[in-house]
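Structure, as structure tokens:
Bear in mind that the values here come from a model prediction, so they are computed numbers and not experimental data. Order of listing sets the numbers, starting from 1, for every ligand and every atom in it.
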Amino acid sequence: MSGERARILVVDDEKVIRDSCTRILTTEGHIIKSAENGNIGLEVFREFHPDLVLVDLKMPGKSGMDVLEEIESIDPNVVQIVITGYATVSSAVDAMKRGAYDFIPKPFTPEEILLIVGRGLEKRRLLLESEALKVEHERIRRNMISLVSHELRAPLAATVQYLEVILGGMAGEIPSEAKEMIVRCDIRLQEMLELLRKWLNLATFDSPKMAEHFQDISLSDIATESIELMKSLAEEKKISLILETSKDLPPIKGSKVSLEEIFNNLISNAIKYNKAGGWVKVILYGREEEVWVEISDNGSGIDEEHLSRIFDEFYRVDGRRNAPIKGSGLGLSIVKKMVDAHGGMIDVESKFGEGTTFRIGFPKFFQRQKEG
Ligand SMILES: Nc1ncnc2c1ncn2[C@@H]1O[C@H](COP(=O)(O)OP(=O)(O)OP(=O)(O)O)[C@@H](O)[C@H]1O
Ligand SMILES: [Mg+2]
């Protein structure tokens, strides 16, 4: 749509309606084309690329409803207005339920059609604007991904490697004071790398693509591996890790890497936000159509007022920069996205000062979500 000049297509079998629409709308500077039946209307539509269509519902041959449906499938951003006789007002309502923007009953005055078309064109302008914003948003997202992975992560990873070579003594003896500082640099840089890894994980996550590669996965294998990985973290805080899994636990359809990510995040949280001497329990069981996972701890618990926000990106209960327990606030948003991608559901129960339980139900038989 350029400036105020819009392209409008009128499809109606009554010549008098086509002519009056053309006359009225041309005076507003719009470009009008018209067609006397649905098939011709669709042909013109494909070549003319209108901003807005006025379609009579009741025409001989192809019905107005079919024409609207085809238009919708070609370009959902075209504004559809239905022209109706008094007898077809209820079908106009049907058409609006299926996506038409408005309707105008016959006969209509010039003022009426100008008003309705004017509103429709405003809607078209908003649709095009939001489409442009989406494209811009996607462009920024891609730039950001490439910046983070090439400009930030790659040099950081190289720096960490150098530090590790130095710490390994490969570049000669290091004075103990300097060594301590290098160790601290190493830890801080590892934290940054972990933040970038998590952010990239979220930003590049493509759930339909992941679902294409789903396999049979044993959640007790994943839980066992994750607990093994977290052992040293737990030992540092003298926290016991307990796994209870029913013997005949059925497999689920899923992605190994993503399921590992889910378990690693939840178990590491249960350790991180726990006290010395606490416990973390992982319980797995099958029930009807689902396999359930419960990860509970007797740690700090989460106050009610924060509970609904912990799955938000970057949200941390203690969000201060110098908070004693470090983290990015991305872990649970990754967990949530990955559980969704497996067709599962997650909820959390927590009591401040007593502990927290995350419960996830995974469907045994994953069904791909239909588009739209
Ligand atoms: N088991 C738990 N016990 C108490 N608080 C928790 C628990 N799990 C999560 N939280 C709270 O929820 C917040 C969000 O968790 P999330 O895993 O998303 O981020 P994070 O742990 O801060 O950072 P990251 O996971 O990137 O290291 C945490 O900051 C913490 O306050
Ligand atoms: Mg976390």
### Task
Could you verify whether a donor N or O on one side chain and an acceptor N or O on the other, from E294 and Y285, lie under 3.5 Å apart?
yes
### Message
When you compare ligand 1 with G329, is there at least one nitrogen or oxygen pair between them that comes in under 3.5 angstrom?
### Response
yes
### Message
Between N39 and E43, do the side chains contain a donor N or O and an acceptor N or O under 3.5 Å apart?
### Response
no
### Query
Non-hydrogen atoms of H306 versus ligand 1: any pair closer than 4.0 Å?
no
### Query
Do D56 and K106 meet the salt-bridge criterion of a basic N to acidic O distance under 4.0 Å?
yes
### Query
Is any N or O atom of R316, backbone or side chain, closer than 3.5 Å to an N or O atom of ligand 1?
yes
#### Entry: Sum of protein N, O or S atoms, each under 2.8 Å from the Mg ion (ligand 2)
1
### Message
Below 3.5 Å, N or O to N or O, backbone or side chain included: is there any such pair between K272 and ligand 1?
### Response
yes
### Query
If you look at every heavy atom in S207 and A341, which pair is closest and at what distance?
CB-CB, 3.4 Å
### Query
What is the nearest protein non-hydrogen atom to atom 5 (N) of ligand 1, stated with its residue, atom name and distance?
I302 CG1, 3.3 Å
### Query
In terms of the angle between their ring planes, are F362 and H342 parallel, tilted or perpendicular, with boundaries placed at 30° and 60°?
perpendicular
### Query
Which atoms of ligand 1 have any heavy atom of Y315 under 4.0 Å away?
13 (C), 14 (C)
### Task
Please confirm whether Y273 comes within less than 3.5 Å of ligand 1 when only nitrogen or oxygen atoms on both sides are compared.
yes
